[in-house]
> 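The structure under discussion is supplied below as C-alpha cells; questions concerning it will follow.
In what follows, chains are A, B, ... by sequence order, proteins preceding strands, each numbered from 1.
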Protein chains: 2
Amino acid sequence: MTIQHPAAYVHPEGARLSLHVPGSRIQPATLYAAGSEIYGQGEKAGTLYQVEFGAVRVYRLLADGRRQISAFHLAGEVFGFESDGRHHFFAEAICATGLQAIRQGPGSDLSQRLLPLVLKSFVRAQEHLLVLGRQNAAERIAAFLLDMAERQGGLETFELPMSRTDIADYLGLTIETVSRAISSFRAKGIIRLRTQRTVELLKPEALRGMSE
Amino acid sequence: MTIQHPAAYVHPEGARLSLHVPGSRIQPATLYAAGSEIYGQGEKAGTLYQVEFGAVRVYRLLADGRRQISAFHLAGEVFGFESDGRHHFFAEAICATGLQAIRQGPGSDLSQRLLPLVLKSFVRAQEHLLVLGRQNAAERIAAFLLDMAERQGGLETFELPMSRTDIADYLGLTIETVSRAISSFRAKGIIRLRTQRTVELLKPEALRGMSE
DNA sequence: CGTTGACTTGAAGGTATTCAAGCTTTGTGG
DNA sequence: CCACAAAGCTTGAATACCTTCAAGTCAACG
C-alpha cells in the first residue's frame, strides 16, 4: 500500500572484500550498499546467499505498488531459494551488507545440506502466516520484536536494521499503525527506545503474553 | 477466531485400502475419515504424505482458539515437511481422504527428490503471505477461487472440498466476510454456485483482474 | 544552520468484525 | 419417505480496529 519499488541506489556491484568471519569459508564476500538490489523478480535463480553482516529484505509487489516483505535475513542466515529456476521475489540489502554466494553446482550433494535450511525458512514462513492472518497490530509488533531480539542473540537490547516502513510491509500494517503500537508499548513501560532503532526490552514477558 | 480444535471424529485409524491410482506406486493407501487428525502439533515427524484423493488442511492454533490454516493439500500434493523432527502444525482430513505414506529412510537419496517439493511449498507459502498481508477481502477470495480452479485442472467448474469456515481461516477473514464476498461475486455475474460448494467461473478474467 | 527523510501523533473515515437472526442443506430417526 | 434436528451458510445492523489524510517533531547530513 505504501512504497514504490525504489530505484536501486548506486552501489558497488561486484565489489569484493576479503572478510574473515569466524567459522565461515575463507572466501571473498560481496558487499551491497544500503538499498541495492541483490536479485529481482523474474531473474534467473541458482545462487544462494549467506549473510555475513547486515540485513536483507525479500519482498513481492502488487501491480499498484503494494509491497509485502516475506522475510528479513540477518547475519548467518541463508536465502535465495527458488523453485523453478526463476526468482519470484526481490531481494535488497537494507543496510550495508556482506553476502557470501553459494553456487549450486548441479549434481553435487548440496541438496543434503540445503534441505534443513529450506525447511527452516518454510516453517518460518508458515508461522508468519499465523501472524498475518490472525493477530492484531499489537500482537504482530510484539511477535516481531521478540523475533528480532532472539535472532540477534537473545539480549534485551538490540537493533532494528530496517525502517518503520519495512516493518509495516512485513507485518501487513501501515507505518502509522506500527509507530502507534511501538509508542503504546513505550508508554506502558514494556520497551524503551535508546534511539529510534535501538530497542530495549524492559518487560519481555509482557510481549510474550501478547504473541500467544 | 472461530473454531475450537475439533475433537477427532471416529475414524478407521490404520484402515487400509488397495488403490491403484495411475502413476503411483502400487501400495496400500491409508483412508482418513472427514475431520480425522493426520498428525498433531508436537508429534514426532518423519513421515511425508501424498494425497491420493480428498483434501487436507494444515493449521496452527493460538491459545485462545484462533486458527490459521497455512495450506490446503489436494490430490497429488505432498505435505508433512517439518524442520526439527517435531510437527509444528496440525494436519486433518477435510473429507474422506486417501494418503500414501512416504517414509524418510535416513541416508537415502530422498532429499534429492524432496527438495523441489519443499521449495514449491515454500514459494506457495510466501505467495500466500502477500495475500494475507496486502490484499483486501474481495482480492483474497478471488485469488483463492482461481487457485482452487487451477489446482483442480483449470476447468471452469470445480468443487470446494472445504467449508466457509476453513476458507475464512485460510484467508485470515471471518466466515461472514467470506460469504459476503462470494455473494457479491455472484451478484455481479462473475461466478455461479451450482451448489454451495460447486463453483462455476463465468468471468475468470474479472477475478484475475482483482488478484493482481 | 537549514534541509531532507524518518518517525510520531491526531482526527476522520472505511473495511472487516461482531452480534444477531433467518435461510438452506444434510443427515437421522420415526 | 417424511419430519425434524443440526450444521452450514447467508444477510443485516452496529461496532471496532486499522487506514487514510494531515500536521508536526526528531534526527541525520551537507
> I'd like to know if B/Arg134 pairs up with A/Asp64 as an ion pair, taking the criterion as any Lys NZ or Arg NE/NH1/NH2 lying under 4.0 Å from an Asp or Glu carboxylate oxygen.
no
> Heavy atoms only, 4.0 Å cut-off, all strands: where does B/Ser163 land among base, sugar-phosphate and nothing?
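Touches sugar-phosphate only.
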> From C/dA16, D/dC18, C/dT9, pick the nucleotide closest to the side chain of A/Asn136?
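Selected nucleotide (nearest to the side chain): D/dC18.
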> A/Leu171 has an atom CG; how far is it from atom P of D/dT19, in whole Å?
11 Å
> Figure out the CG/P separation between A/Leu193 and C/dT8, and round it to whole Å.
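Going from A/Leu193 (CG) to C/dT8 (P), I get 7 Å.
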> Is it true that B/Glu139 and A/Arg66 have a side-chain N and a carboxylate O under 4.0 angstrom from each other?
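Yes, this pair counts.
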> For A/Ile167 and C/dA6, give me the distance from atom CD1 to atom P, rounded to whole Å.
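After rounding, the gap between these two atoms is 13 Å.
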> Can you find a donor-acceptor N/O pair under 3.5 angstrom joining the side chain of B/Arg197 to the base of D/dG8?
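No.
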> With nearest nucleotides of DNA chain D determined for B/Thr177 and A/Ala138 from heavy-atom distances, which residue corresponds to the more 5′ nucleotide?
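Mapping each residue to its closest nucleotide by heavy atoms, the 5'-most match is B/Thr177.
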> Rounded to the nearest Å, what distance is computed from the CD1 atom of residue B/Ile175 to the P atom of nucleotide C/dA16?
17 Å
> Does the ring centre of B/Phe89 sit less than 6.0 Å away from the ring centre of B/Tyr59?
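Ring centres of B/Phe89 and B/Tyr59 not closer than 6.0 Å.
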> Would you say C/dT9 has OP1 or OP2 under 4.0 Å from some side-chain N or O of A/Ser183?
yes
> What's the CD-P distance between A/Glu176 and D/dC18, to the nearest Å?
13 Å
> Send over the distance from A/Gln135 CD to D/dC17 P, rounded to a whole Å.
16 Å
> For the rings on A/His73 and A/Tyr49, is their centre-to-centre separation under 6.0 Å?
no
> Taking the ring of B/Tyr39 and the ring of B/Phe90, is the distance between their centroids below 6.0 Å?
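No, ring centres 6.0 Å or more apart.
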> With a 4.0 Å cutoff (strictly under), does any side-chain N or O of A/Thr195 reach OP1 or OP2 of D/dA27?
no
> Round to the nearest Å and state the distance from B/Leu173 atom CG to C/dT18 atom P.
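The answer, rounded to whole Å, is 11 Å.
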> Round to a whole Å and report the spacing from CG of B/Leu160 to P of D/dG8.
15 Å
> Using only modelled atom types and a 3.5 angstrom limit, is any donor from either the side chain of B/Arg180 or the base of C/dT18 paired with an acceptor on the other?
yes
